[in-house]
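We use all heavy atoms of the structure for the numbers below, so side chains are in, but hydrogens, waters and symmetry mates are not.
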Amino acid sequence: MSLKKMMSPFFVIILLGIFIRLSIMFVDFSFDVLNHISWAKDVWNRGLYAFYETRSIDVYGTEYPNYPPLAIGLFAPFYPLYQWLFGTFWQLNLTVPAFPSVVVIFMERLHFQAGLMKIPAILSDFGLAWILAQITEKLYPKRKHLKVLVMSLILLHPTFFYNSAFFGQIDSIPLFLMALAVYFSFFVKKPYWSFVILTAAVLVKPTVFVFLPVFMISFFSRYGLKTTLKGAVISILLFWLAFQPMAQKPGDPLYPFILYKEGILDTQSIGAVTNAAYNAWALYPPLFFVPAETSLIGSITYGTVGTIIAGGFILALSVLYWKNRSGKLSLFIALSLCAFASFLFLTKMHERYLILILPFLLVPAVKYRSIMYAWGILSLISFLNLYKSWSVPKVEPIVQALSSDPIVIILSAINVLLFLYVFRFFVSHNQKASSAAD
């Protein structure tokens, strides 16, 4: 590789992204990563049969696995990999007098095994940056520098590397797959592959459901009913097949769907109205401690009200997009607003789900300065919200400030105002672009 190529902005950004993540991936990890390790051990120590009905070998936050099959499959290889690496270096330590024993001591720590579990999410950061760069290049072919800008704003974004390489969460995996599904559907015209990839995203984490209404409407408007139905059949079949190796009763037609609802969706979040998220519910901070099933109006719970409000916004977005069919750029704004409405108004939302908005809003943000300002403010709040929830390294004055009621209310209010601003922009953009594609 030539020195000129190595010093290109594109290559430097990739190297910086790798360096940042390698620097922090073994330093610390969130409690959830212990579940990932436990489930990987379960796969190898007791097999897949009745996987979701069998209590985990090591119990941390949950007694039974509550992530979809593909997520479990992504964790599984790193348990034997850890054993092989540790065994290899242990033998080197025993047989090579000059071998530094500190390496073995480091590998014995849980932090090393936890770091390995972060690899799928870290790789997905790079996958997400790459696919967004490809999309940007196709949307703005005359503005080559935007491809590099998009790459840098993902790979060097604190929210992304903190969430995947430090926190140890896997949100970038379904985001990458969702972006890839959009790319296959709307940029390279491989509609059935987009359904395969979309199914993979659902089989990693349920968060992608927030994007489905707008995605399906846009897909239908592009390919028609026949192709959409064929894609849906492929998706349902793949979803059903993915659960069969883990099924207690293989072949049961309803098992995957019931399990996904009751064993995965219903157990994903802590039950509070808001789980440390700076959203609409946090405008009244005591709701951090109120169960979502608590009655708000008569027999109507907070959870029901949140679903109605978020669902109303997503329905409006879907109708507006369908009515105007104003091109690919509108699709990305609509997808980001679906995630934004869900974050703000659904109950049981975690702080880290602000990350769902950032990749899709970035695509129009690099074209429209006003949206870039909104994206920048949202990016800052997303990182502050992450740090509030998982304060590592802990700086007590900052933690206290981010948890104080005035700051919580102010940042939550800013998020609501940003949503309304982007929503208004979407309506205006749709009206202007309805007669021509972006």
Side-chain angles (χ1 to χ4, degrees), residues 1 3-30 115 118-137 139-140 143-180 183 332 336 339 351-369 371-393 395 398 402 418:
M1 185 179 295
L3 181 61
K4 183 178 179 181
K5 188 172 183 179
M6 289 179 66
M7 295 305 294
S8 70
F10 193 83
F11 193 72
V12 169
I13 288 165
I14 292 174
L15 284 180
L16 282 173
I18 293 171
F19 175 76
I20 291 169
R21 285 160 178 81
L22 287 176
S23 298
I24 62 177
M25 65 185 290
F26 298 110
V27 175
D28 210 336
F29 58 92
S30 69
K118 300 174 185 178
I119 291 175
I122 290 171
L123 292 177
S124 292
D125 281 349
F126 288 88
L128 179 62
W130 175 80
I131 199 64
L132 289 178
Q134 301 308 306
I135 289 169
T136 302
E137 188 174 42
L139 286 174
Y140 318 115
R143 303 171 70 182
K144 300 294 184 182
H145 67 285
L146 292 182
K147 179 178 180 179
V148 178
L149 177 62
V150 166
M151 287 282 291
S152 65
L153 290 176
I154 296 296
L155 293 182
L156 307 183
H157 197 301
T159 297
F160 283 93
F161 64 70
Y162 190 90
N163 193 60
S164 61
F166 203 39
F167 205 160
Q169 298 295 338
I170 65 167
D171 302 291
S172 58
I173 303 176
L175 275 175
F176 162 59
L177 292 171
M178 187 68 213
L180 192 62
Y183 181 77
F332 285 95
S336 66
E351 73 297 320
R352 63 182 179 274
Y353 292 157
L354 256 176
I355 200 174
L356 300 177
I357 306 157
L358 299 178
F360 296 106
L361 191 59
L362 179 59
V363 175
V366 295
K367 180 177 182 180
Y368 297 103
R369 184 174 296 180
I371 298 300
M372 180 57 82
Y373 289 146
W375 187 87
I377 297 169
L378 191 64
S379 292
L380 175 61
I381 295 175
S382 71
F383 179 70
L384 294 176
N385 207 167
L386 269 180
Y387 184 75
K388 170 191 177 292
S389 178
W390 196 67
S391 307
V392 181
V395 181
I398 296 177
L402 293 176
L418 287 173

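Between M372 and K367 there is no side-chain heavy-atom pair separated by less than 4.5 Å.
Here the closest heavy-atom approach between residue P364 and residue F332 is recorded as CD-CB, 4.1 Å. Of all heavy-atom pairs between I135 and A179, the closest is CD1-O, 4.1 Å. Across every non-hydrogen atom of Y387 and P393, the tightest pair is OH-O, 2.5 Å. Residues A133 and V150 share a closest heavy-atom pair of N-CG1, 4.0 Å. In terms of heavy-atom proximity, A165 sits nearest to R21 at CB-CG, 3.7 Å. Residues F160 and P359 approach most closely at CZ-CG, 3.8 Å, considering heavy atoms.
Contacts of F29 classified as ring pair (Phe, Tyr, Trp, His ring centres under 6.0 Å), with partners at least two apart in sequence or in another chain: H111. Under the rule for a side chain to side chain contact (heavy atoms under 4.5 Å, CB included), the partners of A129 that lie at least two apart in sequence or sit in another chain are M151, I154, L155. The side chain to side chain donor-acceptor pair (under 3.5 Å) check on S379 picks up H157, with sequence neighbours excluded. Every residue two or more places apart in sequence or in another chain that forms a side chain to side chain contact (heavy atoms under 4.5 Å, CB included) with I377 is listed here: I381, I414, L418. Taking F26 as the reference, F106, F112 meet the ring pair (Phe, Tyr, Trp, His ring centres under 6.0 Å) condition, with sequence neighbours excluded. In this structure, the ring pair (Phe, Tyr, Trp, His ring centres under 6.0 Å) partners of W390, at least two apart in sequence or on a different chain, are Y162, F166, F167. Remark: L16 pairs with V12, L156 by the side chain to side chain contact (heavy atoms under 4.5 Å, CB included) rule, at least two apart or across chains. Partners of L146 by side chain to side chain contact (heavy atoms under 4.5 Å, CB included), not counting sequence neighbours, listed by chain and number: T136, Y140, R143, L149, V366.
Atom CG in L358 sits 9.5 Å away from atom OG in S336 (nearest 0.5 Å). Here F161 contributes atom CZ and F383 contributes atom CZ; the two are 7.0 Å apart, rounded to the nearest 0.5 Å. Here the straight-line distance linking atom CH2 of W375 with atom CG of L153 works out to 4.5 Å at 0.5 Å rounding. In this structure, CG in L175 is found 13.0 Å from CD1 in I131, a value given to the nearest 0.5 Å. Atom CD1 of I18 is separated from atom CD1 of I13 by 12.0 Å, given to the nearest 0.5 angstrom. Interatomic distance, Q169 CD to L386 CG, rounded to the nearest 0.5 Å: 9.0 Å.
Sequence neighbours left out, the pairs with a member in residues 171-180 that pass side-chain hydrogen bond (donor to acceptor under 3.5 Å, both in side chains) are D125-S172, N163-D171, D171-K205, D171-R352. Judged as a salt bridge (charged side-chain N to carboxylate O under 4.0 Å, His left out), not a single pair has a partner in residues 373-384 (not counting sequence neighbours). Among residues at least two apart or in separate chains, there is no salt bridge (charged side-chain N to carboxylate O under 4.0 Å, His left out) pair with a member in residues 156-166. Listed by first and then second residue, the salt bridge (charged side-chain N to carboxylate O under 4.0 Å, His left out) pairs that reach into residues 371-392 come to none, sequence neighbours excluded.
Not one N or O on the side chain of K118 forms a donor-acceptor pair closer than 3.5 Å with the backbone of G168.
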